[in-house]
Amino acid sequence: MKNTLEKIVRRAAQAAYTAGDLNSGDFGDIVIEEPKVASHGDFATNFALTGASTQKMPPNKIAEAIIRHMDDPEQLIRDTQIAGPGFINFFISPAAWLPVLQAVHEKGALFGAVNIGRGRRVQVEFVSANPTGPLHVGHGRGAVVGDALAAILNFCGFITDREYYINDAGRQIRTLGSSVYLRCMELAGRATDFPEDAYQGEYIYDIARSLMDEKNAALFEMDADSAVDACARYAADKILENIRTDLKNLGIGFDTWFSEQSLYDSGKVAEAIRVLLEKNLAYEAEGATWFKSSLFGDEKDRVIVRGNGLTTYFASDIAYHMDKYDRGYERVIDVWGADHHGYVPRLTAAITAMGREPEQFRVVLAHLVNLVRQGVPVSMSTRAGQFVTLREVVDEVGVDAARFIFLTRHHESPLDFDLELAKQKTNENPVYYVQYVYARISSIMKKAAAEHSIGSHDVDDPMLAMLTEPEEIQLMKQMAKYPEAVAGAAKMMEPHRVAYYLMELAAAFHAYYNKHRVLTQDNELSRSRLCLVKGVRTVIGNGLTLLGVSTPETM
RNA sequence: GCGCCUGUAGCUCAGCUGGAUAGAGCAACGGACUUCUAAUCCGUAGGCCAGAGGUUCGAGUCCUCUCAGGCGCGCCA
């Protein structure tokens, strides 16, 4: 509808220019917007205002010229008005919305799929938590945002892969190994000191116990170094398995689990460093090797090989991202916790240095989550190993509520996750508000089949012209906005837009439901209305699916 | 000290990347169930968009500064 109006206005402007009623043939971008107030019409354009300077004409004159030359062959527009400083307001004929409903039924689960990606390959990397401990709610937020983003991009024509980067190399894995080893010693009755920088959590004991069960004797026969290695491998595998399970319970799966260690094993880290040196993008100084990130917008150069010969995390990250593009992804999206935001400039610099365009890389920062219960912060201390895990949260509030809460905030907005509120089945918890629409309509459809002999297929070709109530027009208008909401979410990488759209559509439906009956004595009217609400159900189901939220037929 | 993010109704948050009179839910108050599910709807009330300047036809939105909160500034990961 918006696009059509834009074309109408552009044609009118062209015609006006040809007729000499406008001074310039340069119309720029013609923006069609939706006024907040109903008295300003269904749509409006500010063309006369933005064009005033190039046309060298007062806005009112421009608006008049546009209206005079407007051609509307499909009779979409009921009325046009000039208002305020020079807005052109369009009032759409009720019947013009009917094709929207037909489109919903024709396209079904694909309604709203605007082809932005055109088959380009994109990779979304998210979570990527170190396998050194259980996931917490902050990881959950990143996980849900990343997953929904991937689903939306995929829906919008990108060939999308989800990837998890496993930091299984480096020091923290070593620390994990020694933590487990020391706990094993302790369990075996060999007193040891447990250093402060080791992982304190209770889960380390669990891992130690199950490791002892499996290879008690063998562990203490090796030298300490190999024992720590064995502990590290065992623990990382165990923890990763749990992470996998937690994510699966949240409805999230990955196409690829990518090992950092594999970059070392295949020589890709060494290769990346060699390439940087070769291209004179890195240099040696003070015994270390530095990448010239300051040439690409970072505030200073960064070390990639330390004085002791070991590579930094940054080095493997450069190799990792090189590899992503080598695997054929045109666009790479990383979802990180906001506490890593300081890392963005240097990685962007590295990617720019590899010759990639800025649009090809994007970091989405998911802000930290404060867990609260009835407004009181739940104390969390990772160091002391006391924290509520993601699993506990999901078990308590449910997958749908958890996902929806993460998705009803802008990802860069801090989030207070209230466990009590999340459990309540009220409007504080809009997921039920939206799901309730799906359930209500499902129920109506069952009743239609059982008591009115109107089956699902009997609504394919009803007398849509009978849909004239304002609430019915409103619903169709609302459905027409869905493709735009999805496209906006994809372009801006803001999945929350889909969630907010769904709440609006749900509100329009509940209002309609309370005012009008779908199933009436008039069979023809019932069929028409059933067609309408079935369309609403399709769009609601479509959106909930994108967000990974279930679509219950009964509640 | 420097950088990034956040600041909108009592609370939790939107505000479509500059448009007209600022939006929703919760909480408060008053109404609507003999009906296709009341996990719903209708109404009332609630605002110096943190503050001050600036840019322009027009600013919650863009620029500068100030204030408050969060996060980050290693040859750690």
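Note that the structure is predicted; figures quoted are calculated from it, not measured. Residue numbering restarts at 1 for every chain, and letters A, B, ... go by the order of the sequence lines.
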(request) Could you tell me whether A/Glu524 and A/Arg527 make a salt bridge, using a distance below 4.0 angstrom between a side-chain N and a carboxylate O? (result) yes

(request) Quote, to the nearest angstrom, the C1' distance that separates B/rA38 from B/rC33. (result) 6 Å

(request) For B/rC26 versus B/rU21, give the span between their C1' atoms, rounded off to a whole number of Å. (result) 25 Å

(message) Within the 4.0 Å heavy-atom criterion, would you say A/Gly307 contacts the bases, only the backbone, or no part of the nucleic acid?
(response) base

(request) Using Watson-Crick or G-U wobble pairs with both distances under 3.5 Å, give me RNA chain B in dot-bracket, 5' to 3', with [ ] for crossers and | for pairs to another strand. (result) (((((((..((((.....[...)))).(((((.......))))).....(((((..]....))))))))))))....

(message) Could you check whether any side-chain heavy atom of A/Asn542 comes within less than 4.5 Å of a side-chain heavy atom of A/Phe155, counting everything from C-beta outward?
(response) yes

(message) Would you say A/His516 places a side-chain N or O within less than 4.0 Å of OP1 or OP2 belonging to B/rC36?
(response) no

(request) With rounding to the nearest 0.5 Å, note down the distance linking OG in A/Ser528 to CG in A/Asp522. (result) 8.0 Å

(message) For B/rC16 and A/Tyr482 - does any side-chain N or O of the residue sit under 4.0 Å from the phosphate oxygens OP1/OP2?
(response) no

(request) Please work out whether B/rC65 sits syn or anti, treating a glycosidic angle within 90° of 0 as syn. (result) anti

(message) Do the side chains of A/Lys481 and A/Glu34 get close enough for a salt bridge, i.e. N-O under 4.0 angstrom?
(response) yes

(request) Examine the base of B/rG72 for any acceptor or donor lying under 3.5 Å from a partner atom in the side chain of A/His340, and report the outcome as yes or no. (result) no

N/O-N/O pairs, protein side and nucleotides 20-24 of chain B side, under 3.5 Å:
residue	atom	partner	partner atom	Å
B/rA20	OP2	A/Lys36	NZ	3.2
B/rA20	N6	A/Asn89	OD1	2.5
B/rA20	N1	A/Asn89	OD1	3.1
B/rA20	N1	A/Asn89	ND2	3.2

(message) Between A/Phe406 and A/Phe417 (judged by ring centroids, cut-off 6.0 Å), do the two rings come close enough to count as a pair?
(response) yes

(message) Looking at every non-hydrogen atom in both residues, tell me the closest pair between A/Tyr283 and A/Leu277 and how far apart they are.
(response) N-CD2, 4.1 Å

(message) Please determine whether any donor N or O and acceptor N or O are separated by less than 3.5 Å between the side chain of A/Asn46 and the base of B/rG19.
(response) yes

(message) Looking at A/Arg306, I'd like to know whether one of its side-chain N or O atoms comes within less than 4.0 Å of OP1 or OP2 on B/rA77.
(response) yes

